[in-house]
Colleague: 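Pasting in a structure now, in structure tokens, and then I'll have a few things to ask.
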Protein chains: 2
Amino acid sequence: MADINQAEKYVNMTDLNEPLSRGRKGGGAKRGEGATAGGKGSPMPEAKLHEFAELLFFAYRDFTGDPDAILKDFGFGRAHHRVLHFVNRHSGLRVADLLDILNITKQSLSRVLKQLIDQGFVEQQAGSSDRRERLLYPTERGRALAERLAAPQFVRLTNALEAAGPGAEAALRAFLEAMINAEDRPKVSSIMSTMPAETRQGDKGDGT
Amino acid sequence: MADINQAEKYVNMTDLNEPLSRGRKGGGAKRGEGATAGGKGSPMPEAKLHEFAELLFFAYRDFTGDPDAILKDFGFGRAHHRVLHFVNRHSGLRVADLLDILNITKQSLSRVLKQLIDQGFVEQQAGSSDRRERLLYPTERGRALAERLAAPQFVRLTNALEAAGPGAEAALRAFLEAMINAEDRPKVSSIMSTMPAETRQGDKGDGT
DNA sequence: TGGTTTATGTCAGCCATGTTGACTTAATTG
DNA sequence: CAATTAAGTCAACATGGCTGACATAAACCA
């Protein structure tokens, strides 16, 4: 799939420190005119890419903003949300799975996971085939909170998908998947295909 | 530390908002469908929305992950990246604009902005029409770093846009814009349409 | 003119959440 | 039984959010 052919030139662009005339320093200078970018007149693709980067920033900022407000009332933060989400959606996963998903250290995870367990949002259960494993399940309260946190995100996503148009979902999915590190894509696929079944007990072969 | 009482209060609010599936009591259960967010359109399967939420999480995680390694070599963090990006792309903006874009406090901004200024990546210039304003500009060094940070993101975005297909850009843009808080969209549009030129004077009413 | 508001900067401290390193415990495995 | 593995824990530290209080200079206004 699309290699870095097209993209390569942007990498090279890194080294170009183009001497843009942008400053306009000095007291009374009015900033009036352009001196925009590299001096190529046509609508540069870089501008487009910058726009997508910024849209992504704003979109994600607001996407996470909704649950953050709710979480504050529980004394939780975004980290708790992430943990609760994955425990709820992929219940029965191991601590190691969670570490792998979140890309954080077990010490960081431990802090929030402990709070979620102590306050009755998440339960642990020893693995049946390997009793060293602690399989994680949401409690009823945990599921309720997870859904409460998901609700505004669902509204947002549904509206955004609708705004994208009916046929855009596949393209959107392809876009998002391609944004993920190539080496992590199989893992992500495996995670997402793991149903939130409370029925898993000794399931560990998710192919790490 | 909100008690469970509060938790249930919010759970009830969930029901007020959205008829999301609320079954699955007592550990058993199945995932239902039928969340209609926004009220229009066909019911959006819950599982699909969860998938998009997770894809967004992974995509953004990796999108922001790339520049982090570079930033570490400069002793900077993600906060510096955000500031540098917006100063570079929308140079001449005021401190207040940046606060508005980033949604952080001036004390938080001050910490990273000061470092960027002290180390010669960003320059300030008093506003010409209002000399209280400090307009922010990237230095040559700042531009070089900004481009270096952007480069891997460009690669990623370019490949992802290609993976999405040629006609998908408009839909993607629509999706991302719709993900932004409705009340912030004019502001975002205004920001994004602000060329990285010094076109602003005493512009304060960019429409909050 | 002088008082008020505004834009920005700063000090001081707290909180959430990431990090590394070292160590323990329990269970599996060879 | 020894070694490995999954998980938990303690301690220390860094980043980057936050609030509150206060300072300064410029603009604005009556």
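In what follows, chains carry the letters A, B, and so on, assigned in the order in which the sequence lines appear, proteins first and then strands, with residues in each chain numbered from 1.
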Colleague: Starting at atom CG of Leu113(A), determine the distance to atom C1' of dA16(C), rounded to an integer number of angstrom.
Modeller: 16 Å
Colleague: If you measure from the Lys or Arg side-chain nitrogens to the Asp or Glu carboxylate oxygens, is any gap between Lys187(B) and Asp97(B) under 4.0 Å?
Modeller: no
Colleague: Taking only the side-chain heavy atoms of Val95(A) (C-beta and beyond), determine which of dC11(C), dA7(D), dG16(D) contains the nearest atom.
Modeller: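 Nearest listed nucleotide: dA7(D).
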Colleague: Looking at Gln107(B) and dG16(D), is any side-chain donor or acceptor paired with a base atom of the opposite kind under 3.5 Å?
Modeller: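 Side chain to base: no pair below 3.5 Å.
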Colleague: Compare side-chain N and O positions of Gln124(B) against OP1 and OP2 of dG9(C) and report whether any pair is under 4.0 Å apart.
Modeller: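 For Gln124(B), the contact criterion (side-chain N or O under 4.0 Å from OP1 or OP2 of dG9(C)) is met.
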Colleague: Measure from CD on Gln115(B) to P on dA14(D) and round the result to the nearest Å.
Modeller: 13 Å
Colleague: Considering every strand and a 4.0 Å limit on heavy-atom distances, what is the contact class for Arg78(B): base, sugar-phosphate, or nothing?
Modeller: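 Answer is sugar-phosphate: Arg78(B) comes under 4.0 Å of backbone atoms only.
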Colleague: Starting at NZ of Lys114(A) and ending at P of dA16(C), how long is that distance when rounded to a whole Å?
Modeller: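 Atom NZ in Lys114(A) sits about 15 Å away from atom P in dA16(C).
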Colleague: With side-chain hydrogen bond (donor to acceptor under 3.5 Å, both in side chains) as the test, would you mind laying out the steps for Asn181(A) and Arg156(B) before giving the verdict?
Modeller: CA-CA 9 Å; Asn181(A) 284 340; Arg156(B) 195 178 290 269; 2.7 Å; yes
Colleague: Expressed in angstrom and rounded to an integer, what is the separation of Leu135(B) atom CG from dT8(C) atom P?
Modeller: 8 Å
Colleague: Rounded to the nearest angstrom, tell me the gap between atom NE2 in His81(B) and atom P in dT15(D).
Modeller: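 Going from His81(B) (NE2) to dT15(D) (P), I get 18 Å.
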Colleague: Taking only side-chain N and O atoms of His80(A), does any of them lie within less than 4.0 angstrom of OP1 or OP2 on dA16(C)?
Modeller: no
Colleague: Hey, mind stepping through His85(B) and Gln153(B) against side-chain hydrogen bond (donor to acceptor under 3.5 Å, both in side chains) and telling me if it holds?
Modeller: CA-CA 12 Å; His85(B) 168 88; Gln153(B) 297 191 315; 5.9 Å; no
Colleague: Please give, in whole Å, the distance from dT17(C) C1' to Leu71(A) CG?
Modeller: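 It works out to 14 Å between those atoms.
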Colleague: Between the base of dT8(C) and the side chain of Arg132(B), is there any donor-acceptor pair under 3.5 Å?
Modeller: no
Colleague: To the nearest angstrom, how far is Arg111(B) atom CZ from dG17(D) atom P?
Modeller: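 Distance check: Arg111(B) CZ to dG17(D) P gives 8 Å.
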Colleague: Can we say Arg61(A) and Asp184(B) salt-bridge, meaning some charged N sits less than 4.0 Å from an Asp/Glu carboxylate O?
Modeller: yes
Colleague: Would you tell me if any nitrogen or oxygen in the side chain of Ser108(B) comes within less than 4.0 Å of OP1 or OP2 on dC18(D)?
Modeller: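 Indeed, a polar side-chain atom of Ser108(B) lies that close.
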Colleague: Of the options dC22(D), dT9(D), dA7(C), whose atoms approach the side-chain atoms of Lys106(B) most closely?
Modeller: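 The answer is dC22(D).
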Colleague: For Asn103(B), report the nucleic acid contact type (base, sugar-phosphate, nothing); a contact means any heavy atom under 4.0 Å.
Modeller: sugar-phosphate
Colleague: Can you check the Arg131(A) CZ to dT5(D) C1' distance for me, whole Å?
Modeller: 15 Å
Colleague: Take Glu51(B) and Lys48(B) through the salt bridge (Lys or Arg N to Asp or Glu O under 4.0 Å) test and state the conclusion after the steps.
Modeller: CA-CA 5 Å; Glu51(B) 283 176 33; Lys48(B) 187 171 70 183; over 6 Å; no
Colleague: With the side chain of Thr105(A) defined as its heavy atoms from C-beta on, choose the nearest nucleotide among dT19(C), dT8(C), dA26(D).
Modeller: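 In terms of side-chain proximity for Thr105(A), the closest of dT19(C), dT8(C), dA26(D) is dT19(C).
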